[in-house]
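The block underneath contains the structure these notes are about, expressed in structure tokens.
The shown structure was predicted, so the numbers you read here are calculated from the model rather than taken from an experiment.
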There are 2 protein chains.
Amino acid sequence: MRPAPERRREILDTAAEVFAAQGYDATTVRRIADAAGLLAGSLYYHFDSKESMLDEILRAFLDELWARYDAVLAAVLGPRETLEALVTESFREIDRHRAAVAIYQKESRHLREQPRFGYLAGSQRRFEQAWLRTLERGVAAGVFRTDLDVRLTYRFVRDTVWVAASWYRPGGQHSPEEIARQYLSMVLEGVALRDGHRTYD
Amino acid sequence: MRPAPERRREILDTAAEVFAAQGYDATTVRRIADAAGLLAGSLYYHFDSKESMLDEILRAFLDELWARYDAVLAAVLGPRETLEALVTESFREIDRHRAAVAIYQKESRHLREQPRFGYLAGSQRRFEQAWLRTLERGVAAGVFRTDLDVRLTYRFVRDTVWVAASWYRPGGQHSPEEIARQYLSMVLEGVALRDGHRTYD
DNA sequence: CTCCTTCCCTAACAAGTGTTTGGTAGGTTA
DNA sequence: TAACCTACCAAACACTTGTTAGGGAAGGAG
């Protein structure tokens, strides 16, 4: 027999890809099995249910994301540096877990209502607090504009970052860091040209 | 009998709400019928199929959107004014057809591959061209920054606008025009405070 | 060799799916 | 009144869904 305990991970990655491409509900277990090279019933040797696969995908993604976020937040940087670090980590996460992020984007809103996926709501609250605090710190410190609705700004920043998962493909011409740099530049400085605006050297 | 030829529209609006909330595939015709106050089979007096309902919802949305976009583009404004007008019209469209926009956001990527929904790909190409042309005009005219990847900027602007459909609720404290103003301010000027930055009067 | 574990297949299950068919209450038209 | 149309219901259809049970091939351990 092959040594394969990573067969499980292999199947889970396949499932994540299919979920991301077709949507969770539209994906049949037979389709996953097909893509992974086995039959539908055999999936249940590795996993309890289709829902368990989804659960495991989302948990792994959120665990890794929060490990990085917590590291950033624990460093207690200035508000602008915190924002830059959070955005950069987000793009790195998209680079690593593209499928999981796409699934999260598409499904979390209605999954959140199921008890089993209640942790999605909890994660979202922590997420929102971390961002709001950072923005408010920045406003107080005079590095962010004071004339904007903070909550609107939060949604703006949050969305601009995460929807990138819907078009980003790893191995493209831009690295996650490069995309993060340009996104940050747009979010912080705007796309309009103005007097004294510096171009890259 | 009631006068109702608008019963059809009523059912379609209900279907759009349910599709937007639960996802198209996760929505059963019985659920739609329930919400509309009739039985599943009775839906087929008004519509050919579940897919037809989705098709009609998306077509109505795109038709109206393009009518407004074409009016803006035909006016041949300056690039910055064009961008502002397109964004404002987009938020107005979200205000009017919130459910349809949410469905479009969630489902268009994979629907696009079905022949029946091929027009989604066509619409997306026109959409991309209109935006890219406007941005390139702006770069050439010196009103937009020259150091950004135009395609990245396009996705940035596009996404920031349309994901708003996932959280926007009509009748909230901000009108579509107010949201558009703040979004445009963030996209054009950035969220960072800088010397000489003016707050609202 | 024999036993055991790992990993998968075959075949079926009940529940739920979109859809069709035939019928009918009640208003409109002639 | 009679014929007709609109908008719906009741019941069933064929099919797909996620899931389960039993079995078996292939390798490692004794």
A:D25 CG to C:dG16 P, in whole Å, measures 15 Å
Residue pair A:Y45/A:G41 against DNA chain C: nearer the 5' end by closest nucleotide is A:Y45
B:L43 CG to C:dT17 P, in whole Å, measures 14 Å
- Report yes if a side-chain nitrogen or oxygen of B:H46 is closer than 4.0 Å to either non-bridging phosphate oxygen (OP1 or OP2) of D:dT6; otherwise report no. no
**Study point:** Sidechain N-carboxylate O distance under 4.0 Å for A:R59, A:D63
**Key:** no
Which of D:dT17, D:dT19, C:dG18 is nearest the side chain of A:T28? It is D:dT17
message = What contact category does B:S42 fall into here, base, sugar-phosphate, or nothing, at under 4.0 angstrom with non-hydrogen atoms?
response = base
Rounded to whole Å, the CZ-P distance (B:R8 to D:dA7) equals 11 Å
Between CE of A:M53 and C1' of D:dT19 the distance, given in whole Å, is 11 Å
Rounded to whole Å, CD of A:Q22 lies from P of D:dT17 at a distance of 11 Å
Item checked: Phosphate contact (D:dC8 OP1 or OP2) by B:R7 side-chain N/O below 4.0 Å -> yes
N/O donor-acceptor pair, side chain B:R30 with base C:dG18, under 3.5 angstrom
yes
- request: Tell me whether the guanidinium CZ or amine NZ of A:R158 lies under 6.0 angstrom from the six-membered ring centre of A:W131 and within 45° of its axis.
  value: no
| Is the closest basic N to carboxylate O distance between A:E178 and A:R181 below 4.0 Å? | yes
**Prompt:** Are side-chain heavy atoms of A:R137 and A:T82 found at a separation under 4.5 Å?
**Reply:** yes
B:D34 CG to C:dG18 P, in whole Å, measures 13 Å
Rounded to whole Å, the CD1-C1' distance (A:I32 to C:dC8) equals 17 Å
Separation of D:dG22 atom P from A:L39 atom CG, nearest Å, is 19 Å
query = So what does A:T27 hit on the nucleic acid, given a heavy-atom distance under 4.0 Å: a base, only sugar-phosphate, or nothing?
reply = sugar-phosphate
Which of A:F117, A:F19, A:Y104 passes ring-ring contact (aromatic ring centres under 6.0 Å, His included) with A:Y24? Answer is A:F19
